[in-house]
Colleague: 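Here you go, one structure.
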Amino acid sequence: MGFSIYDFSDFINNIHAFLIETFSPAIGNIIGMAIVAVCFLGFIALLGLSLVYIERKVCALFQQRLGPMRVGKWGTAQTVADIIKLIFKEPLMTKDSDKFLFNLAPFIVMIAPVMAISLIPFASGLQAVDFDIGIFFIVAVSSIGVTGILLAGWSSNNKYSLIGAMRSGAQIVSYELSVILSLLTIVVLSGSLQLSVIVESQREGWWIFRGHIPAIIAFIIFIVASTAESNRGPFDMAEAESEITAGFHTEYSGIKFAYFFLAEYVNMFIIAAVGATIFFGGWMPLHIGNIEFFNNAMDLIPPVIWFFMKVSAIIFLLMWFKWTFPRLRIDQMLTLEWKYLLPLNIMNILLMSLVVLTDFHF
Amino acid sequence: MENISIQHFLIVSTLMLFTGIYGFLTRKNLITMLMSAELILNSVNINFVAVNKFLYPENLQGQFFAMFVIGIAAVEVAVAIAIIISLYRKVRMIDVEKVNEMKY
Amino acid sequence: MEQIVFYILASMIVVFSVLTVTTRKILRGAVYLLTVLLATAGLFFLLNFNFLAAVQLTVYAGGIVVLIIFSIMLTSHVNEKLESTGNKKKFFSFIAVLAGALICISTILDYSFKEKSGIEIDTSMNKIGKDLLSYGDGGFVLPFEVISILLLAAMIGAIVLAKRETQN
Amino acid sequence: MEGYTFTVLIPLILFATFLLIGLAGGKLKPVFSGIAGVISLSVVSLISYITAYDYFFVNGKVDGVFGKIIVYDAEWLRFTDTLFIKMGILLDPISVMMLVVISTVSLMVHIYSLGYMHNEGGFSRYYSFLSLFTFAMMGLVISTNIFQTYIFWELVGVSSYLLIGFYYNRPSAVAAAKKAFIVTRFADLGFLIGILLLSSLTGTFDFVELTNVNGSAVSAGSSVLFMGLSSMTWALILVFIGCAGKSAMFPLHIWLPDAMEGPTPVSALIHAATMVVAGVYLVARLFPLYALSAPAALEMIAYIGAFTSMFAAIIACTQTDIKRVLAFSTISQIGIMMVGLGVSGYSGESGLGFTASMFHLFTHAMFKALLFLGAGAVIHAVHTNEISGMGGLRKYLPVTHITFLVACLAISGIPPFSGFFSKDEILVAVKEKDSFLFYFESVVSGLSAFYMFRLYFGIFWNRNTTYEHAPHEAGISMKIPLIILAILAAVTGFIPFSEFVTSDGIPFVSHIHWDIAIPATIVGLSGIIAAFIFYKKESNLSDKAAASLGGFYNTVHKKFYIDEIYIFVTKKIIFNMVSTPIAWFDRNVVDGTMNGVASVTNFVSEKIKRFQSGQLQQYAFVMVTGMIIILALIFYFLKN
């Protein structure tokens, strides 16, 4: 097999063994954790910077503009400049707001994606934690984020923020169901919740192809529901500028605002990463049947590259949605979830179970 | 796990239980009373799991009971909050001592 | 290592429980409750009950606390403080609770538990899934089905209760 | 058997259609639901025909025997290791034949309804119910075990309830639907007990095991006696009660005439060709059991069938609502099928009755569906059900006229139409077994010729009634099914049925017994001639005949007062004699005691209610304190 040289597990194990040998096991473990933490924080920062830039460029592409061009070559340093500006801004606070909760909210919003990202398998062996309840854990921690949004809206002491937070809360809680159920469809097919096992089970072919009709339905539902869950357009009623200014983060400024912004983009990355892992085989290369030379050629591309190619494709899709579709009304959005997506989803799971029972997949 | 015994868990859960009971007895707002009830239920869960882990590790009864307790808690909160909200809509107040329209 | 984690989590649970029932700002109470619940999930992780911990996170943190916060948002205002309870009531409750806690703790410390150390507990998804849907020894299919009906009934009940009455 | 896995599609397509039309129906254009129904039924029919071709001509016959093929059998519910229920598909000659019958008639009805129901509300609802009904019926015939049969049996009951009560704003339709539901439910109670008894005797639900001639099921339970009959016989009689309910055998037939309140195509589908023969089908399905281990039950079936056929035929002669005539005619014909089954023996030539009965089921489905659809066309044209409001319609409705005539000739047993062949076979089988029943059934067939031609002459000849709007032929979608069914009714008699469907799966060759066929034909012709004399021209001959029969005519016209007897028994006897005293006892003695207790409680509570402050936390405080005190007592003072 071609990709044993791309397997990171030996590499990681060696580092771990080295740390434990050099220091005592306890301290070695703690240093190991610290290294992982630093890596992820750096990665998240980088992710935020690049995704904001990409989003602005993609937006410009769809609106037939150039986008940021002034700072740096093709405007590449634009987001860095923005961050510097945000850091130096005065943190404002409204009168009579609950200061403790107001300051706590951005952190709660950030906790969820940071915890979730640790589960993502970037390549074979390149995964911080590999729980046997993998997907379920991601779903569980990402449900914490909604609390932060509600707190932000409440503690701002601002009617727009409160309404925005309520909308957003209702939206996230409802669409979470569809996300879970659509992921469950593939779990039925692969028979495991553990992400590394799910990726491994797609060695013969990605689930979206092998699970054919129900898998494709599940993917479409997943994309729609997770777009809504992350409050992105066209489901961004929570921050609909024309109605309620900026929703729950109206009153936030400076670096705290940046947190909300960052959380949204990291969430988008997680959605794309989970989607790629569950439906498109994670870091598995594309294989077509028994065409040996093609498969071998695909194996030469490192798994990390595969993973990020798939993730970027899904991220582009999400951005495409945001800048193409008009925003829905809040009642339309709830109708879509409860009257269409949820029943469809449940039937889809039944269909998938039938497919699995009758071995009707490839 | 060598140094942590079942007593540790049971003491934590006992403290949580009686804190919950204290809250239930002293808070006036219905929602805060509900929160205290959640504390009580949660302490029960810790007990179930600790007993399962330390005393009866052959099976998972404790875990399943804890899961069912969580399910019941969800049910209880959903219904209780529905009641609280409709109460609030009628009398604009959710104070447990003052809601006594149906007395006698 | 595990000991340290346990003591951190335990002290978090105790401190935030107390804060939950004594704070006079209602939404802060909810956040403290959330912290207690998260710490409990941490305890479950520590005991290797991963699935249960994830259930705790999803249902409690993602569901129940959100519902509570929702209802708080609908029924009270940001700079509103809860009325404090009468001192007499507080005192008597405190005495009763203290007595109860002391009795329980002393009993727990007195009793010698027969811990089984040899057997490693199996909390894999596989076992959980099979146990939950089997009817034999250690199977829980009946309560599982019953609770699903209970959930449905509660859902309908909650909708009926909270539905705005139609005008006319 | 890999070859037949595609048959899984039959129920799945129908169920999917039901879901599609049922759930999305409100949003679609009505015509679209209709067309969706027709398309899915066409596909299902195609699959059924392919199955039938494959089974009868290519793969089905192994060593000269048509065996039972289990296409698919999945475990559905497992209670214990021995008690479990499966769901699956079983193919054998009768189930394949039923697939063809149901899909053909259902397809015709679907097409016909496009025209007939065109102006009615709830078009989508109608089609979704039709799909549900067809789904249930298909599931019933292909089931592998008796419990699956029972599930679909009830599903058939529900969907027929929905269809009969389709015009839910008409009180009579609602009453009829309720009546059908309650009567069949009553019979199904017997069926359920029968299933339980049967399975406890044999230890299995499975048809293949139950009907295995050499297996243990056939000999099980034959020795235990209760009231002179073996327990197996009792079990099979109970099962037959269920069959009698569905197939409208006397005395459970009362729901069928009322069920004519449903739309006419529904009557054609449910009350002529499919649902009402489910009882016959089930007896045929369990036939080896009946024939080998409970001949007494089989004999009872024969006599009940014979009585019902005569009884219904007499009533049919006096009814004036054309759909009711057809309803009683259906009851009568099903009675004849039951007789065929009842006189049959097992295996070989002695199983002629079984074959004949199935053959009659097949041909009857075709011509009776045609009769109903024809009647529907007539009703559609003149907007009345009463025979007195019609007459001379042959000029206005030529296509309906010819097809109706074909059907009448078929049911009267005139060669070369299909009814002749099947009825002849039944009569041959009956003759061999019991000559009394033979003469009895001959009279029935003469009567059926009489009442059918009474209907035919009454509608298409007789006086020239003037109509407010000139009646005209219905649209193409109603004509096509009529023509197709007429062709089928005319030619299906030439199918050599005994080479395909026999009681033990071994084909044999049957001949037309001219010594029986000729007298039978003469009887039929004489019935026609009598009808011709009475009803061809407008005359008062029939009234005179009725008057001369006097009280008997009235009794028959009122359907022998069976409905009234039922009402008398339930209302007068049960309500007055049993329920009233119990009610008195309940109201005065039981309630009195309770009221006494309650008033004492009330009095006491009035005195002590002040203890209740209504303060939740006070209660909780008391409770917690009490609990702590008890705990303290247990732990510190009672600990030895």
Side-chain angles (χ1 to χ4, degrees), chain B residues 1 3-12 14-16 18-23 25-29 31-32 34-36 38-39 42 45-46 49-50 52-61 63-64 66-68 70-75 77-79 81-86 88 94-95, chain C residues 2-3 6 10 13-14 17-18 20-21 26 29-30 33 36-37 40 43-44 47 49 52 55-56 59-60 63-64 67-68 71-72 74-75 82-83 85 89-90 93-94 97 100-101 104-105 108-109 113-116 119 121 123 127-128 131-132 138 140 143 147 150-151 154 157-158 161-162:
Chain B
M1 274 302 134
N3 301 318
I4 315 169
S5 68
I6 183 168
Q7 271 100 343
H8 289 75
F9 285 93
L10 294 186
I11 289 173
V12 171
T14 310
L15 291 175
M16 200 166 158
F18 283 100
T19 322
I21 292 180
Y22 176 76
L25 293 180
T26 55
R27 306 309 296 256
K28 281 183 172 172
N29 189 307
I31 296 175
T32 46
L34 201 61
M35 280 154 54
S36 309
E38 291 309 316
L39 282 180
N42 214 46
N45 279 355
I46 295 181
V49 169
N52 187 354
K53 168 84 180 180
F54 290 102
L55 304 187
Y56 301 99
E58 314 85 17
N59 247 324
L60 288 177
Q61 272 97 341
Q63 156 158 9
F64 287 125
M67 268 167 62
F68 294 137
I70 293 176
I72 302 282
V75 166
V77 167
V79 175
I81 280 178
I83 293 175
I84 291 174
I85 287 177
S86 56
Y88 182 78
I94 47 171
D95 190 320
Chain C
E2 277 166 338
Q3 235 177 324
F6 173 77
I13 288 180
V14 174
S17 300
V18 173
T20 308
V21 298
I26 181 164
L33 177 67
V36 174
L37 299 173
T40 315
L43 277 190
F44 293 161
L47 287 171
F49 285 89
L52 184 63
V55 170
Q56 169 99 359
V59 179
Y60 265 122
I64 292 178
L67 265 182
I68 288 181
S71 65
I72 292 174
L74 287 171
T75 54
L82 296 173
E83 316 175 36
T85 327
K89 195 171 177 182
K90 265 188 188 165
S93 306
F94 184 71
V97 163
C104 284
I105 288 173
I108 289 168
L109 290 177
F113 290 96
K114 296 180 195 66
E115 297 192 10
K116 285 183 192 165
I119 307 162
I121 190 158
T123 55
K127 178 157 169 61
I128 293 172
D131 276 2
L132 211 48
F140 279 84
I147 209 164
L150 180 70
L151 280 169
L161 276 172

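Residue numbers start from 1 in every chain, and the chains themselves are labelled A, B, ... in the order their sequence lines are given, proteins ahead of strands.
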Colleague: Identify which of Ala10(C), Ala158(C), Ser17(C) forms the greatest number of heavy-atom pairs closer than 4.5 Å to chain B.
Modeller: Ser17(C)
Colleague: Going from CE on Met16(B) to CG on Asn42(B), what distance comes out if it is rounded to the nearest 0.5 angstrom?
Modeller: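 Going from the CE atom of Met16(B) to the CG atom of Asn42(B) covers 3.5 Å.
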Colleague: Given that the side chain runs from C-beta out, which part of Val18(C) has a heavy atom under 4.5 Å from chain B: side chain, backbone, both or neither?
Modeller: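 Both backbone and side chain.
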Colleague: Who among Ile21(B), Ile70(B), Asn59(B), Ile11(B) has the most heavy-atom pairs with chain C under 4.5 Å?
Modeller: Ile70(B)
Colleague: Determine, stepwise, if the pair Phe18(B) / Cys104(C) fulfils side chain to side chain contact (heavy atoms under 4.5 Å, CB included).
Modeller: CA-CA 10 Å; Phe18(B) 283 100; Cys104(C) 284; 3.8 Å; yes
Colleague: Let me know if Leu33(C) has heavy atoms under 4.5 Å from chain B in its side chain, its backbone, both or neither.
Modeller: side chain
Colleague: State the OG1-CD1 distance between Thr75(C) and Ile84(B), to the nearest 0.5 angstrom.
Modeller: 7.5 Å
Colleague: May I ask you to name which of Leu74(C), Thr40(C), Ile64(C), Ile105(C) has the most heavy-atom pairs under 4.5 Å with chain B?
Modeller: Ile64(C)
Colleague: Determine the option with the most heavy-atom pairs under 4.5 angstrom with chain C, choosing from Leu34(B), Leu25(B), Ile72(B), Val49(B).
Modeller: Val49(B)
Colleague: Of all residues at least two apart in sequence or in a different chain, which pass the salt bridge (Lys or Arg N to Asp or Glu O under 4.0 Å) check with Lys127(C)?
Modeller: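 By the salt bridge (Lys or Arg N to Asp or Glu O under 4.0 Å) rule, Lys127(C) matches Asp131(C).
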Colleague: Below 4.5 Å from any heavy atom of chain C, which atoms of Phe68(B) appear? Answer side chain, backbone, both or neither.
Modeller: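 Contact with chain C: backbone and side chain both.
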Colleague: Which atoms of Leu15(B) are under 4.5 Å from chain C, going by heavy atoms: the side chain, the backbone, both sets, or neither?
Modeller: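 Only the side chain of Leu15(B) comes within 4.5 Å of chain C.
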Colleague: What part of Phe94(C) gets within 4.5 angstrom of chain B, counting heavy atoms only: side chain, backbone, both, or neither?
Modeller: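 It is both, since atoms from each part get that close.
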Colleague: If you count heavy-atom pairs under 4.5 Å with chain C, which of Thr14(B), Val79(B), Ile85(B), Leu60(B) comes out on top?
Modeller: Leu60(B)
Colleague: Glu38(B) vs Tyr60(C), test: side chain to side chain contact (heavy atoms under 4.5 Å, CB included). Steps then yes/no.
Modeller: CA-CA 9 Å; Glu38(B) 291 309 316; Tyr60(C) 265 122; 3.0 Å; yes
Colleague: At a 4.5 Å cut-off on heavy atoms, which part of Ile31(B) comes close to chain C: side chain, backbone, both, or neither?
Modeller: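 Only the side chain of Ile31(B) comes within 4.5 Å of chain C.
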Colleague: Please classify the contact of Leu52(C) with chain B as side chain, backbone, both or neither, using a heavy-atom distance under 4.5 Å.
Modeller: both
Colleague: Assign the ring pair Phe6(C) / His8(B) to parallel, tilted or perpendicular, where the plane angle (0 to 90°) is split at 30° and 60°.
Modeller: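 Judged by the thresholds at 30° and 60°, the geometry between Phe6(C) and His8(B) is perpendicular.
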Colleague: Given heavy-atom pairs under 4.5 angstrom as the criterion, report whether the side chain, backbone, both or neither of Ile13(C) touches chain B.
Modeller: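 Only the side chain of Ile13(C) comes within 4.5 Å of chain B.
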Colleague: As an exercise: rank Val97(C), Val59(C), Val36(C) by heavy-atom pairs under 4.5 Å with chain B and give me the winner.
Modeller: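 Looking at each option in turn, the highest pair count goes to Val97(C).
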Colleague: With rounding to the nearest 0.5 Å, note down the distance linking CG in Leu47(C) to CD in Glu2(C).
Modeller: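 So the CG of Leu47(C) and the CD of Glu2(C) are separated by 9.5 Å.
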Colleague: Just give me the residue among Asn45(B), Val12(B), Val75(B) that pairs up with chain C most often, heavy atom to heavy atom, under 4.5 Å.
Modeller: Val75(B)
Colleague: Between Ser36(B) (side chain) and Thr32(B) (backbone), is there a donor-acceptor pair under 3.5 Å?
Modeller: yes
Colleague: Which bit of Lys90(C) comes within less than 4.5 Å of chain B, counting heavy atoms only: side chain, backbone, both or neither?
Modeller: both
